[in-house]
Structures are given as structure tokens and as C-alpha cells.
Amino acid sequence: MVHTLETAGDEPLHVVILAAGKGTRMRSARPKVLHEIGGKPMLARVLETAAALRPQAVHVVIGHEAQQVREAFADAPVQWVEQAEQRGTGHALQMVLPDLPQTGKTLVLYGDVPLIDAESLAALLAAARGEALGVLTDVLDNPFGDGRIVRDANGGVAAIVEEKDADDAQRRLREINTGILALPNARLAPWLQALRPANAQGELYLTDLIAMAAGEGVPVRPVQVAAHHLAAGVNDRAQLAALERAFQHGEAQRLMREGVTLRDPARFDLRGALRCGQDVVIDVNVLIEGECVLGDGVRVGANCVLKNVVLGAGTVIAPFSHLEACTVGTNVRIGPYARLRPGATLADEVHVGNFVEIKKSTLARGAKVNHLTYVGDADIGEKTNVGAGTVTCNYDGVNKFRTEIGANCFIGSGALLVAPVRVQDGATVGAGSVIVRDCPPDSLNIARGRQVSIADWQRPHPKDKQ
Ligand code: UD1
Ligand code: CA
């Protein structure tokens with residue numbers, strides 16, 4: 001959940017998100033910033049966090065696969081800026097310079113640093129209030145690859161030196177630049193124009209602005225990020241997986257604080273939004289996607305997948321069940337091994353057992369479908385019992401038809417209900433029947449071959465084989 005925060009003072013704020021890099025180490029056809037954390041593209045997370053700061057504008061610098069990135073965010077309120085050639089982070093910001101005002105602050109974020117939070121950014125902007133420059137820093141045991149924060153004799157930040165340009169002493173520094181900067185717009189034009197690619201990588205380094213600021217007496221304010229994962233970037237799939245775990249850990253901790261029991265927070269995944277009532281219990285290896293709402297006392301068994309579902313209070317989902325886009329009442333029992341597909345609507349106290357598939361159907365209060373059954377495009381009345389192996393034959397290869405079953409019906413095992421067909425209140429269907437015509441109220445309906453019994457039947461004997 002991203003909260004809206006007051007930005008530092010009244011300074012107008014522009015956000016620039018750098019996302020033009022190639023992402024070579026992902027080895028992917030998909031642009032890096034479209035890879036997902038918690039089921040959402042990394043860039044979407046950064047955009048949400050940026051929006052929480054209420055900036056005047058958000059500019060996104062794109063280059064590699066620019067078209068794909070743009071299309072993924074076609075409706076987003078952002079200014080797209082193309083950087084045709086990636087000549088460094090300083091060059092990227094040069095592309096945006098014409099669109100920036102001459103007052104206020106520019107906050108630089110990375111599209112591949114997905115877990116940055118609004119609180120860290122608000123702290124950085126507060127520290128950089130006025131004409132100061134803010135640098136979000138971290139202190140790492142293994143700072144390899146990152147720009148190092150070089151301090152002067154008084155402990156002030158003097159410069160950022162990139163790994164490839166650093167001397168041995170600088171390489172030993174563990175304080176690093178996360179890349180996230182708050183820059184005073186008034187100084188940006190002269191600083192960016194002064195950048196030169198005189199470094200090991202032949203790039204225009206945005207980080208050279210720090211030495212320029214320090215040289216001109218502009219205060220440089222370092223702010224250390226509260227936790228490593230907040231400012232960690234994704235360059236490869238291992239780092240993507242590591243941040244996914246950090247994100248999931250945070251979601252699990254939050255849910256437990258809100259009163260949800262997670263049998264093992266390390267074996268729980270939320271790729272969306274989950275709202276829970278009191279005393280919800282979620283067993284191991286459960287995946288929640290989309291938007292889900294679980295009422296008071298709901299229990300979700302091990303290895304279940306829930307996507308866009310609403311479950312009423314007291315409902316129990318037994319292990320290995322898969323539920324998508326369905327609405328379930330109170331005190332319902334589902335599974336184990338049940339599949340509820342989109343449009344399944346179950347009223348209170350319904351029972352759906354193992355190897356039952358339900359699609360686009362309503363089950364009224366107290367209906368039971370307990371074993372090995374397919375219910376598609378059907379309405380089942382109150383307290384009706386559907387026996388094992390029943391199939392609603394809803395499809396003729398072209399069209400779908402509905403099956404209507406009234407209240408207090410009893411459908412015998414192995415029945416085939418060939419839709420469109422209606423079984424009226426109180427009707428009974430004999431086991432193994434193929435029902436093609438409506439069944440009147442309170443009737444018994446049997447539609448199967450009569451049994452033939454042949455007396456003294458000799459089964460073939462093994463010696464007859466040869
Ligand atoms: C950069 C910082 C380094 C910091 C590190 C943190 C510079 C010179 N160095 O180094 O101090 O410790 O990030 O991860 O800024 N990008 C563009 N256009 C470009 C180049 C980069 O949009 O021309 C984007 C990339 O897509 C990426 C971000 O800028 O999102 C950082 O680029 P990257 O090449 O990863 O910079 P680093 O060398 O890691
Ligand atoms: Ca990087």
C-alpha cells in the first residue's frame with residue numbers, strides 16, 4: 001500500500017525515472033522494467049511510489065524497447081522521453097532538462113529499483129530542502145559495482161566515484177550511492193552542460209554533479225536508506241528473485257500485524273491485494289493473486305491458489321484447491337482438490353468436494369456437490385444434492401446451454417444432464433441417467449438401459465487362450 005505524503009515544503013517537484021538501459025543480464029525479450037515483483041511490473045511500482053509524492057510531473061527516460069515499455073503504460077500520466085543512445089545517467093537527465101522548470105527539485109529514480117518507498121523519498125526531499133542536493137546512500141558489506149561516497153576531511157560528501165574509476169582506497173569504502181538523487185533545478189542546466197565523458201566508461205556520469213555541487217558550496221546531504229532492499233536494483237534474475245522475497249517478507253509481516261495467521265510467512269505469496277477479516281488462517285504454500293477478500297475466520301488450506309475471490313466468514317478451503325473470479329458465501333466448505341472457475345457463485349453453507357469443477361454457475365444455500373463432478377452454466381437450488389460423477393453437458397461444440405436444477409433435488413451419481421434442460425424442485429434423477437428432457441417437480445427420472453442378467457455365465461478360462 002502506497003500512502004500519499006506531503007512533499008518537502010512547497011517546492012515544486014518533478015520526478016525523473018531512468019529506464020533506458022538494456023538490461024542485458026536479464027537475458028530476456030521483455031524490457032527489464034516490465035519484469036514483475038509481487039505480480040506487478042517494476043516500473044509500475046516505481047510510478048505508484050512517485051505518484052504518492054504528488055509531483056508536478058513524472059518523466060520516464062526510455063531507450064531499449066521503448067515502444068514496449070510505453071505500450072505497457074499507455075494510460076499512465078507520464079511524460080515519455082526517448083534517449084536514443086545510452087551515453088550514461090547524466091546524458092539521460094540531459095534529455096529531460098528542457099522539460100524541467102528552473103525552480104524546485106528533481107528527484108531521480110531508477111525503473112529497476114522497484115521497492116523504493118515514499119517514506120525514504122520524503123526523507124531525502126526533506127533533507128535536500130532549499131538549494132541543497134540530496135543523495136540516498138547505503139552501507140554495504142559488498143559494495144562492488146556501486147559508486148562510492150567520498151567524504152572530505154570534515155565528513156561532508158565531496159564526490160561520488162564509480163567503481164571503475166576508483167583507486168584502491170576508494171574501493172574499500174562501503175558507503176555507496178543508491179543512484180537516487182534530489183537535485184536543485186536552479187543549478188541543473190549549468191551542471192549538466194559541464195559533464196564530460198572523461199572516465200573509465202566514457203559516459204556522462206550524473207554522479208559528477210556531486211563534486212560540482214560540493215565545489216560550489218551547495219550543501220550535499222546524504223540520507224541513508226532504512227533497509228538495503230528498498231534501494232536495491234535488479235540487474236539479473238537472481239536479484240529479481242531476491243527482491244521478490246524481500247517484498248513478500250514485507251507483505252507477510254504486514255498481514256500478520258493486521259491479525260492474519262500465516263502458518264509459514266516464508267511460504268506465502270501475495271501478488272495483488274488481500275483484505276482479511278479477523279482470525280483468518282492461511283496454511284503453507286498459498287498464492288493469492290488479484291484482489292481477494294477473506295471474511296472473518298476463513299481458513300485456507302495448504303497449496304491453494306486464490307485469484308480475485310470473495311469468501312464469506314467461516315468458509316474453509318481444503319488443500320490443493322484453485323479458485324478464480326468467484327464469490328463464496330459464509331460457512332462454505334470447498335475442496336480438497338476443488339476448482340472454482342470464473343463466475344462460480346456459491347451461497348452460504350454450500351459444500352463442494354474433491355475433483356469438482358464449477359464454472360459460471362450459482363449454487364444456492366446448502367447445495368452439495370461433493371465428488372468428481374462438472375457443473376458449468378448451471379443454477380442449482382437450495383439443499384439440492386448432486387451425486388458423484390455428474391456432468392452438465394453444456395456445450396454442443398458451438399453453443400453453451402444452461403442447466404437449471406431446482407431446490408431439494410437429488411441427482412444420482414453418474415448422471416449426464418444434457419443442456420438446455422431443467423430439473424424442477426424436488427425431482428430425483430436416477431444414477432447413470434442421461435437427462436435430455438425437463439424433469440417435473442417431485443418426479444423420479446430414470447433414463448438408462450434396463451439391466452439384463454444372464455444366468456450361469458461362464459467367463460473365458462485361461463486355458464482357452466493358447
Ligand atoms: C549507477 C551510478 C552509481 C550507483 C548505481 C546504483 C552513475 C554514473 N552511477 O551506476 O553511482 O551506485 O547506479 O545502481 O550514475 N540509464 C539510462 N540511460 C543511460 C544509462 C543508464 O536510462 O544512458 C538507466 C538504467 O536503465 C538504470 C539506471 O540508469 O536504470 C542506472 O544505470 P546503470 O548503468 O545500471 O548504472 P550503474 O553503472 O549501475
Ligand atoms: Ca545498475
Side-chain angles (χ1 to χ4, degrees), residues 15-26 28 30-35 41-43 45-47 50 59-66 68-70 78 80-97 106-116 133 135-140 142-150 157 159-166 170-171 173-181 183 191-192 195-212 220 222 224-225 228-236 239-240 243:
V15 173
V16 175
I17 301 173
L18 303 187
K22 189 153 192 275
T24 314
R25 281 179 282 164
M26 294 299 283
S28 176
R30 195 153 38 134
K32 177 162 72 174
V33 294
L34 298 188
H35 284 260
M42 291 197 277
L43 181 56
R45 294 197 173 276
V46 180
L47 288 172
H59 312 263
V60 184
V61 182
I62 47 177
H64 276 98
E65 284 119 6
Q68 268 193 72
V69 178
R70 259 177 127 124
V78 305
W80 299 104
V81 182
E82 299 235 7
Q83 185 193 20
E85 241 188 304
Q86 283 72 58
R87 294 170 51 205
T89 49
H91 181 249
L93 199 60
Q94 283 179 352
M95 303 294 107
V96 191
L97 186 61
T106 292
L107 179 66
V108 178
L109 305 178
Y110 288 0
D112 58 4
V113 177
L115 299 186
I116 190 62
L133 184 159
V135 185
L136 192 70
T137 64
D138 199 358
V139 177
L140 300 178
N142 177 13
F144 180 79
D146 283 318
R148 306 298 203 281
I149 306 290
V150 179
V157 174
I160 293 174
V161 177
E162 295 303 306
E163 172 86 30
K164 287 184 176 140
D165 302 290
Q170 288 166 337
R171 284 205 180 100
L173 297 171
R174 292 168 51 234
E175 188 184 19
I176 61 103
N177 167 34
T178 64
I180 293 173
L181 303 170
L183 304 170
W191 285 348
L192 289 174
L195 289 177
R196 297 290 176 271
N199 52 58
Q201 302 185 79
E203 290 183 357
L204 298 179
Y205 288 167
L206 188 55
T207 43
D208 284 355
L209 264 54
I210 281 68
M212 293 179 192
V220 178
Q224 191 178 335
V225 73
H228 301 310
H229 67 271
L230 298 174
V234 170
N235 295 305
D236 57 33
Q239 289 168 338
L240 183 71
L243 285 196

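In each ligand, atom 1 is the first atom listed, and ligand 1 is the first ligand listed.
For ligand 1, the polar-atom distance check finds an N/O of G147 within less than 3.5 Å of one of the ligand's N/O atoms. Checked by distance only, ligand 1 and N177 come closer than 3.5 Å through their nitrogen or oxygen atoms. Between V61 and ligand 1, no pair of N/O atoms sits closer than 3.5 Å. Ligand 1 has no nitrogen or oxygen under 3.5 angstrom from a nitrogen or oxygen of E85.
Taking 4.0 Å as the cut-off, H91 does not count as a neighbour of ligand 1 on heavy-atom distance. Using a 4.0 angstrom heavy-atom cutoff, G233 does not count as in contact with ligand 1. Residue contact annotation: D112 has a non-hydrogen atom under 4.0 Å from ligand 1.
Short contacts between ligand 1 and T178, defined as distances under 4.0 Å to a heavy atom of the residue, involve ligand atoms 6 (C). Applying the 4.0 Å criterion to heavy atoms of Y205 picks out, from ligand 1, the atoms 8 (C). Residue-ligand proximity, A92 to ligand 1, at heavy-atom distances under 4.0 Å covers atoms 18 (N). Taking a cut-off of under 4.0 Å to the non-hydrogen atoms of E162, the atoms of ligand 1 that pass are 2 (C), 3 (C), 7 (C), 8 (C), 9 (N), 10 (O), 11 (O). For ligand 1, the atoms lying closer than 4.0 Å to a non-hydrogen atom of D146 are 5 (C), 6 (C), 12 (O), 14 (O). Near L18, with a cut-off below 4.0 Å to any heavy atom, the atoms of ligand 1 are 22 (O), 24 (C), 29 (O), 30 (O).
Remark: the backbone N or O of E203 is paired with a side-chain donor or acceptor of N199 at under 3.5 angstrom. Q170 contributes no side-chain N or O that, together with a main-chain N or O of V150, makes up a donor-acceptor pair within less than 3.5 Å. Using a distance-only test at 3.5 Å, with no hydrogens or angles considered, a donor-acceptor pair links the side chain of R148 to the main chain of D146. Between the side chain of D165 and the backbone N or O of A200 there is at least one donor-acceptor pair closer than 3.5 Å.
A distance of 7.5 Å separates OG1 of T178 from OH of Y110, quoted to the nearest 0.5 Å. Atoms CG and NE2, from L97 and H59 in turn, are 10.5 Å apart once rounded to the nearest 0.5 Å.
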Discussion item. Using the rule given for side-chain hydrogen bond (donor to acceptor under 3.5 Å, both in side chains), can you reason through H64 versus Q86, listing the C-alpha separation, both sets of side-chain angles and the distance that settles it, and then say yes or no?
Written reply: CA-CA 9 Å; H64 276 98; Q86 283 72 58; 3.0 Å; yes
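For atom 20 (C) of ligand 1, the choice among G21, G88, A231 with the nearest heavy atom turns out to be G88. With Q86, Q83, R87, K164 as candidates, the residue nearest to atom 18 (N) of ligand 1 on a non-hydrogen basis is Q83. Taking only non-hydrogen atoms, the option from L136, T89, T137 nearest to atom 21 (C) of ligand 1 is T89.
Side-chain contact between L192 and L206 is present, with heavy atoms from C-beta onward closer than 4.5 Å.
Scored by the salt bridge (Lys or Arg N to Asp or Glu O under 4.0 Å) test, E82 finds R70 as partners (sequence neighbours excluded). With sequence neighbours excluded, the residues that form a side chain to side chain donor-acceptor pair (under 3.5 Å) with R174 are D141.
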